[in-house]
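I have placed the structure first, in the form of structure tokens, so that the comments after it can refer back to it.
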Amino acid sequence: MGLLNKKVVLVTGGTKGIGLEIVKKFLSEEATVITCARNIPEEKIKNVDYFQLDVSDSLACKNTIESILNKYGKIDVLVANAGITKDAMTYKMTDEMFDDVININLKGIFNVVRYVGPTMENNGTGSIITISSIVGQYGNIGQVNYAASKAGIIGMTKSWAKEFSRKGKQIRVNSIAPGYILTDMVKSVPEELLKKFSDQTMLKRLGEPEEIANAALFLASDLSTYITGTVLDVNGGMRL
Ligand code: NDP
């Protein structure tokens, strides 16, 4: 039997990169998998339910989550993965670049968790996994907007771990902080910088999306029932 048998899972941003690998991994572990993104691919994965959603739109999040709950009755696991970058040195960063990243990466997670968390409280169980970043923990040149959003996610994760379990409910909230993972998001990073990042890891390589999906599976499943409020570093030992 799969590790996620009978679990209903919502993965935001599951059409590409890390989110897509999480969707595939969770399907292979027999979860019922729902995903959302702004653009729905023409080639869909069999047995995945797709919703068109911009997570920065609070009302749309409310409506979509209501639709999912009407259809499936519950959400057992939420992976709040959707995110973007809009990088620039601080002196060049526009209001729009700053606000877009905060509205999608930070407010977008709030928009989803605010409607999913209370339903988990009613059910008495649930696992929420947020995707933060090594950049939220240590900062990065040219990514002040992204660093702020990802550091904020860690603060929200710890707050929700306290809030949703306060009545003794078995609701766990954890974050995965990936290092540099080979997806479209890092494609714009210059080759020599990626080589530098790779050299900075203990394992001397960048990460694969599946390595994040494996961590998400652990936190989603009953293998981690006593783990909450943590930030799981999946970065090849980039910072020790
Ligand atoms: P990708 O760009 O490959 O995929 C991002 C996914 O999020 C897509 O499915 C995209 O679909 C979706 N998405 C983006 N904006 C929105 C939105 N407003 N509403 C709904 N869905 C949205 O990125 P990665 O897979 O690399 O990144 C996934 C997560 O991991 C992000 O939160 C990222 O910050 C984080 N991360 C990534 C690292 C890396 O090195 N790759 C390192 C550390 C953290 P669409 O555009 O159609 O909406």
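Residue numbers count from 1 along this sequence. Values below: every heavy atom of this structure, side chains too, minus hydrogens, waters and symmetry copies. Both counts, for ligands and for their atoms, begin at 1 and track the order of listing.
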Checklist entry - What residue and heavy atom of the protein are closest to atom 10 (C) of ligand 1, and at what distance? => result T15 OG1, 4.3 Å
Checklist entry - Between the candidates S149, G17, G14, which shows the shortest non-hydrogen contact distance to atom 3 (O) of ligand 1? => result G17
Checklist entry - In the protein, what heavy atom is nearest to atom 44 (C) of ligand 1, and what distance, to one decimal place, separates them? => result S132 O, 3.2 Å
Checklist outcome for this item: atom 1 (P) of ligand 1 sits nearest the protein heavy atom K16 CE, 4.2 Å
Checklist entry - Under 3.5 Å between some N or O of ligand 1 and some N or O of V55? => result yes
Next on the checklist: Can you report which non-hydrogen protein atom sits closest to atom 13 (N) of ligand 1, along with the distance?
Outcome noted: A82 CB, 3.9 Å
Next on the checklist: Nearest non-hydrogen contact with atom 34 (O) of ligand 1 belongs to which option: F51, Y146, Y180?
Outcome noted: Y146
Item to check | Nearest-contact summary for atom 46 (O) of ligand 1 - protein heavy atom, Å | outcome: R38 NH2, 2.9 Å
Checklist entry - Any non-hydrogen atom of A177 lying under 4.0 Å from ligand 1? => result no
Item to check | Any N/O pair A37/ligand 1 closer than 3.5 Å | outcome: no
Item to check | Contact (N/O only, under 3.5 Å) between N39 and ligand 1 | outcome: yes
Next on the checklist: Heavy-atom pairs closer than 4.0 Å: do any link ligand 1 to the side chain of I181, the backbone, both, or neither?
Outcome noted: both
Checklist entry - Do L69 and I75 touch side chain to side chain, with heavy atoms closer than 4.5 Å? => result yes
Checklist entry - What atoms of ligand 1 come within less than 4.0 Å of a heavy atom belonging to I84? => result 14 (C), 15 (N)
Checklist outcome for this item: of all protein heavy atoms, closest to atom 5 (C) of ligand 1 is G83 O, 3.9 Å
Checklist entry - What atoms of ligand 1 come closer than 4.0 angstrom to any heavy atom of P178? => result 42 (C), 43 (C), 44 (C)
Checklist outcome for this item: Within the 4.0 Å heavy-atom cut-off, what T12 brings close to ligand 1 is neither
Checklist outcome for this item: If you compare L206, I131, I109, L53 by their heavy atoms, the one closest to atom 35 (C) of ligand 1 turns out to be I131
Checklist entry - Of all the non-hydrogen atoms in the protein, which one sits nearest to atom 41 (N) of ligand 1, and at what distance? => result T183 OG1, 3.1 Å
Next on the checklist: Looking only at protein heavy atoms, which one is nearest to atom 6 (C) of ligand 1, and what is the separation?
Outcome noted: G13 O, 3.5 Å
Checklist entry - Can you list the ligand 1 atoms lying under 4.0 Å from a non-hydrogen atom of S133? => result 43 (C), 44 (C)
Checklist outcome for this item: Restricting to heavy atoms, the pick from N81, V186, D54 nearest atom 28 (C) of ligand 1 would be N81
Checklist entry - Side-chain contact, heavy-atom cut-off 4.5 Å: I134 with Y180? => result yes
